[in-house]
Engineer: 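Before anything else, here's the structure in question.
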Amino acid sequence: MTGVRLTWDGKRSDVRGLALPLQVVEEIGVARASIGTLDEGMAGEDGGWRNRLIWGDNAHVLASLADELAGEVDLIYIDPPFDSRQDYKVRIAVGDATVDENLTKIQSVIEDKAYRDTWGGGVESYLQMLYTRLLLLRELLSDRGSIFLHLAPNVSHLARVLMDEVFGQENFRAEIIWKRTSAHADARALGSVHESILYFSKGPKPIWHEQYTAYDERYVEQYYRYRDDDGRRFMSGDASASGLAGGGYVYEWRGISREWRMPVETMRRLDAEDRIFYTRNGIARIKRYLDESRGQPLSDVWADVQPVGSWSPELLGYDTQKPEALLRRIIESSSDPGSIVLDCFAGSGTTPAVAEQLGRRWVAIDIGRFAIHTTRKRLLSTQGVKPFVVANLGQYERQVWQQATTGTEVEAYLDFIVGLYRAKLVRGFPHVHGSISSTAVHVGAVDAPVTFDEVALAIEDAAAGGFTALDVLGWDWEMGLHEIVQDEAKERALTIRLRRIPREVMDARAVLSGEVTFHELAHVKASAEVKGRVVTVTIEDFVLASPDLVPEAVQSKVKTWTDYIDYWAVDFAHDGGVFLNTFQGFRTRAAPRLDLSAQHAYDAKGTYTVLVKVVDIFGADTTTALSVRVP
């Protein structure tokens with residue numbers, strides 16, 4: 001790999017990183033008996049493949065996939081940030097109301113940040129981000145694999161040099177120009193109407209299936225200028241063998257003797273089928289019908305794929321969403337049925353959704369909670385979707401972040417979180433780490449869920465210190481903690497709030513912008529009714545702990561607590577491990593109404609733990625457990 005290379009301060013090529021264990025947190029569409037260890041959960045039944053949706057920093061996730069998938073991925077499509085220096089949003093409709101075709105124009109919609117496209121170190125930090133991912137992705141590509149990198153013109157020229165370095169100039173296949181809009185008025189410059197997709201292969205013989213586009217009207221008028229009596233358009237093709245490699249067949253046809261490209265028997269059949277056209281001179285030519293043509297072979301300018309507009313049934317309210325037609329063309333051209341297709345900037349989930357429809361295997365990765373939630377719902381809306389898993393790097397990713405950010409000293413980590421919470425540091429109490437006025441603050445560990453015993457000790461410290469309230473901050477939580485600790489706090493005359501440490505804490509850009517929000521844990525109440533071996537689970541109440549985050553204009557549209565629920569799922573026989581998602585209820589634009597009950601018929605009597613998971617309109621999940629006895 002030779003040629004021009006970009007350099008910048010801090011450029012690093014040693015990006016292999018740590019292979020952290022992937023944690024399967026949810027199985028969708030899988031029977032309980034098929035779930036074994038986490039590795040077996042990823043592999044699927046009989047050691048086969050299981051499609052996977054992974055939440056986490058893609059640099060860590062790609063490094064973690066390297067041992068398993070090196071040389072196995074046939075197609076990579078990525079649509080990373082464009083260094084636009086903007087923040088992009090996701091829009092979520094609230095409640096059962098029918099959604100206007102344009103999600104940006106109705107009041108009962110909340111907006112939240114989908115992802116940030118700002119880079120504190122300028123273009124150098126953006127290039128290092130992209131370069132790191134490209135190096136990791138190259139290791140995953142098969143020898144016949146291809147990568148399509150989708151960018152805007154402001155950075156595509158720089159990315160082309162990076163791609164030359166990583167994949168080799170000799171493996172450049174095309175720069176595809178996608179005309180994403182018909183007009184963009186700008187009185188001071190040329191209108192920007194396109195984006196670029198850089199297409200490189202891993203080796204000299206990538207998978208390629210020719211694609212075709214419809215002829216434009218001028219071409220049709222010029223070449224398909226003849227019509228049959230029934231109106232079918234056709235062009236006349238040469239029936240002679242002149243210039244044909246290998247020669248043809250010499251015979252006389254309707255008084256004209258020459259070398260023809262088909263035997264006389266074929267000529268007779270075509271003539272009987274009225275598929276021979278005769279010129280004014282009586283020379284036979286072949287009718288080539290427009291409606292039988294595959295069209296124009298695909299070029300590197302794509303002007304026939306429309307973006308996702310406000311009227312599109314594909315619209316999910318996710319900024320920068322790409323149309324399915326675009327991914328369908330890429331996937332059909334550069335992969336085979338059964339190929340592994342990977343997208344590590346999954347966004348709204350277009351790549352895995354189309355890969356699923358086309359019978360490809362897929363891996364989709366994103367760092368944003370809204371991206372994972374949107375993609376999961378989209379896949380579940382796909383008819384005949386195959387079983388897939390939802391995974392993350394869990395505590396292992398947080399441990400790496402802690403090491404890089406605050407080091408191994410626990411006190412440094414606690415001080416960092418207390419500072420982000422805008423609290424003052426408190427010394428002298430083992431389980432109170434900060435305070436805001438008369439409220440004590442306790443911070444849970446990076447690598448373990450907050451437990452009841454831990455909160456009980458924090459309550460003791462807070463009461464001893466004369467505090468009147470306690471805020472507990474945690475990454476994960478012991479099951480059923482919410483209800484138990486409320487009673488414990490009341491006994492000590494304390495008000496207690498449980499708040500989730502958001503994943504955005506690990507994003508330095510979010511920390512610098514001061515936009516980290518510690519959401520209070522929501523609370524869900526559910527019941528189970530047993531009739532014979534059929535159990536009906538019903539959600540009876542849901543308390544969104546931070547309703548103040550909902551804009552006032554939207555709050556006025558909220559009719560009931562159910563409006564705050566976007567999705568819920570049930571594991572009817574939870575065994576303490578992976579959440580086996582056997583029922584899902586969720587809102588879509590087409591079906592915004594949410595059913596709050598789910599039924600399950602058990603095969604055998606016994607006592608079962610039913611785990612109910614609710615995802616609210618902010619993409620945060622809350623669980624509650626029920627114990628049911630089936631006679």
Engineer: Salt bridge or not between Glu72 and Arg361? Use side-chain N to carboxylate O under 4.0 Å.
Structural biologist: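 No salt bridge links Glu72 with Arg361.
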Engineer: Decide side-chain contact (heavy atoms from CB on, under 4.5 Å) for Gln403 and Thr408; before the verdict, give the C-alpha distance in whole Å, the side-chain angles of both, and the deciding distance to 0.1 Å.
Structural biologist: CA-CA 6 Å; Gln403 177 68 34; Thr408 57; 2.9 Å; yes
Engineer: Closest approach of Glu540 and Ser527, non-hydrogen atoms and distance?
Structural biologist: OE2-OG, 2.8 Å
Engineer: What's the spacing between Ile372 CD1 and Leu53 CG if we round to 0.5 Å?
Structural biologist: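 Rounded to the nearest 0.5 Å, the CD1-CG separation comes out at 4.0 Å.
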Engineer: Return yes if some donor-acceptor pair links the side-chain N/O of Asn51 with the main-chain N/O of Trp362 below 3.5 Å, else return no.
Structural biologist: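 It does hold such a pair.
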Engineer: With side chains defined as the heavy atoms from C-beta onward, is the minimum distance between Glu529 and Thr538 less than 4.5 Å?
Structural biologist: no
Engineer: Strictly distance-based, threshold 3.5 Å: is any side-chain N or O of Glu26 a donor or acceptor partner for the main-chain N or O of Val390?
Structural biologist: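 Between the backbone of Val390 and the side chain of Glu26 there is no qualifying donor-acceptor contact (under 3.5 Å).
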Engineer: Distance-only, no hydrogens or angles: does the Gln584 side chain make a donor-acceptor pair with backbone N or O of Leu380 under 3.5 Å?
Structural biologist: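 Such a contact is absent between Gln584 side chain and Leu380 backbone.
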Engineer: State whether Asp566 and Lys377 are salt-bridged, where the test is any N-O pair (Lys NZ or Arg NE/NH1/NH2 against Asp/Glu carboxylate O) under 4.0 Å.
Structural biologist: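 A salt bridge links Asp566 with Lys377.
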Engineer: Looking at Ile617, Val614, Val543, which hits side-chain contact (heavy atoms from CB on, under 4.5 Å) with Tyr564?
Structural biologist: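 Only one of Ile617, Val614, Val543 forms a side-chain contact (heavy atoms from CB on, under 4.5 Å) with Tyr564, namely Ile617.
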Engineer: Just say parallel, tilted or perpendicular for the rings of His442 and His431, cut-offs at 30° and 60°.
Structural biologist: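 The arrangement is tilted - the two ring planes meet at 30° to 60°.
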Engineer: Going by heavy atoms in the side chains, are Pro502 and Thr517 under 4.5 Å from each other?
Structural biologist: no
Engineer: Please test Thr623 against Phe579 for side-chain contact (heavy atoms from CB on, under 4.5 Å), starting from the C-alpha separation and ending with a verdict.
Structural biologist: CA-CA 11 Å; Thr623 58; Phe579 182 86; 5.6 Å; no
Engineer: Whether the side chain of His519 engages the backbone of Arg500 through a donor-acceptor N/O pair (distance < 3.5 Å, no angle test) should be reported.
Structural biologist: no
Engineer: Do Gln599 and Thr536 have side-chain atoms, one donor and one acceptor, less than 3.5 Å apart?
Structural biologist: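 Side chains of Gln599 and Thr536: pair found under 3.5 Å.
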Engineer: Output the distance between atom CZ (Arg503) and atom CG (Asn392), rounded to the nearest 0.5 Å.
Structural biologist: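 Separation between the atoms: 9.0 Å.
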Engineer: Decide yes or no for Phe542 and Asp616: does some side-chain heavy atom of the first lie under 4.5 Å from some side-chain heavy atom of the second?
Structural biologist: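 Result yes, sub-4.5 Å side-chain heavy-atom pair found.
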Engineer: With side chains defined as the heavy atoms from C-beta onward, is the minimum distance between Val341 and Tyr77 less than 4.5 Å?
Structural biologist: no
Engineer: Does any N or O in the side chain of Trp55 come within less than 3.5 Å of the main-chain N or O of Ala391, such that one atom is a donor and the other an acceptor?
Structural biologist: no
Engineer: Determine whether the aromatic ring centres of residues His600 and Tyr602 are separated by less than 6.0 angstrom.
Structural biologist: yes
Engineer: Show, in sequence, the C-alpha distance, side-chain angles and deciding distance for Ile436 and Tyr421, and conclude whether the side-chain contact (heavy atoms from CB on, under 4.5 Å) test is met.
Structural biologist: CA-CA 9 Å; Ile436 300 175; Tyr421 196 59; 3.7 Å; yes
Engineer: Can you name the closest pair of heavy atoms from Pro352 and Thr375 and give their distance?
Structural biologist: CG-CG2, 3.9 Å
Engineer: Rounded to the nearest 0.5 Å, what's the gap from CD on Glu460 to CG on Leu494? Could you check?
Structural biologist: 9.5 Å
Engineer: Does a side-chain N-to-carboxylate-O contact under 4.0 Å join Glu356 and Arg378?
Structural biologist: no
Engineer: Between the side chain of Arg499 and the main-chain N/O of Phe518, is any donor-acceptor distance below 3.5 Å?
Structural biologist: yes
Engineer: Drop me the distance from Leu327's CG to Asp343's CG, to the nearest 0.5 angstrom.
Structural biologist: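 Output value for this atom pair is 7.5 Å.
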Engineer: More than 12 heavy atoms of other residues, nucleotides or ligands under 6.0 Å from CZ of Arg422: is that the case?
Structural biologist: no
Engineer: Is the backbone N or O of Lys525 less than 3.5 Å from a side-chain atom of Thr624, with the two atoms forming a donor-acceptor pair by type?
Structural biologist: no
Engineer: When rounded to the nearest 0.5 angstrom, what is the spacing between OG1 in Thr320 and OH in Tyr318?
Structural biologist: 6.5 Å
Engineer: Test your reading of the model: is there a side-chain donor-acceptor pair from Gln321 to the backbone of Leu316, 3.5 Å cut-off?
Structural biologist: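 Answer holds: yes.
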Engineer: Among side-chain atoms of Ser438 and Thr468, is any donor-acceptor pair under 3.5 angstrom?
Structural biologist: yes
Engineer: So do Arg629 and Val530 actually touch side chain to side chain, heavy atoms under 4.5 Å?
Structural biologist: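 No. Closest side-chain heavy atoms not under 4.5 Å.
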Engineer: Working to the nearest 0.5 angstrom, can you tell me the gap between His523 NE2 and Leu498 CG?
Structural biologist: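 So the NE2 of His523 and the CG of Leu498 are separated by 11.5 Å.
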Engineer: Any ion pair linking Arg52 and Glu68 (charged N to carboxylate O, less than 4.0 Å)?
Structural biologist: yes
Engineer: Could you check if a side-chain atom of Leu342 sits within less than 4.5 angstrom of a side-chain atom of Ile76, using non-hydrogen atoms only?
Structural biologist: yes
Engineer: Can you name the closest pair of heavy atoms from Asp79 and Phe345 and give their distance?
Structural biologist: O-CB, 3.8 Å
Engineer: Below 4.5 Å, heavy atoms only, C-beta onward: do Leu626 and His574 meet side chain to side chain?
Structural biologist: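 A side-chain contact under 4.5 Å is absent here.
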Engineer: When Thr562 is tested against each of Leu594, Asp541, Leu596, Ile539 for side-chain contact (heavy atoms from CB on, under 4.5 Å), which residue passes?
Structural biologist: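 The passing option is Leu596.
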Engineer: I'd like to know if the side chain of Trp568 and the backbone of Asp595 have a donor-acceptor N/O pair within less than 3.5 Å.
Structural biologist: yes
Engineer: For the residue pair Trp401 and Val446, establish whether any side-chain heavy-atom pair is separated by less than 4.5 Å.
Structural biologist: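 They are in side-chain contact.
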Engineer: Looking only at heavy atoms, which two atoms of Glu454 and Val443 are closest? And how far apart?
Structural biologist: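 Nearest heavy atoms, Glu454 then Val443: OE2-O, 4.4 Å.
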Engineer: Closest approach of Leu393 and Pro21, non-hydrogen atoms and distance?
Structural biologist: CD2-O, 3.8 Å
Engineer: Regarding Arg398 and Asp476, does a basic nitrogen lie under 4.0 Å from an acidic carboxylate oxygen?
Structural biologist: yes
Engineer: If you apply the rule side-chain contact (heavy atoms from CB on, under 4.5 Å), what do you find for Ile365 with Leu62, and how did you get there?
Structural biologist: CA-CA 9 Å; Ile365 307 162; Leu62 292 171; 4.0 Å; yes
Engineer: Which atom names give the shortest non-hydrogen contact between Ile78 and Cys344, and what distance separates them?
Structural biologist: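 For Ile78 versus Cys344, the nearest heavy atoms are CG2-SG, 3.6 Å.
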Engineer: With a 3.5 Å distance limit and no angle check, can you tell me whether Lys386 reaches the backbone of Gly384 through a side-chain donor-acceptor pair?
Structural biologist: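 Here the side-chain-to-backbone pair does not exist.
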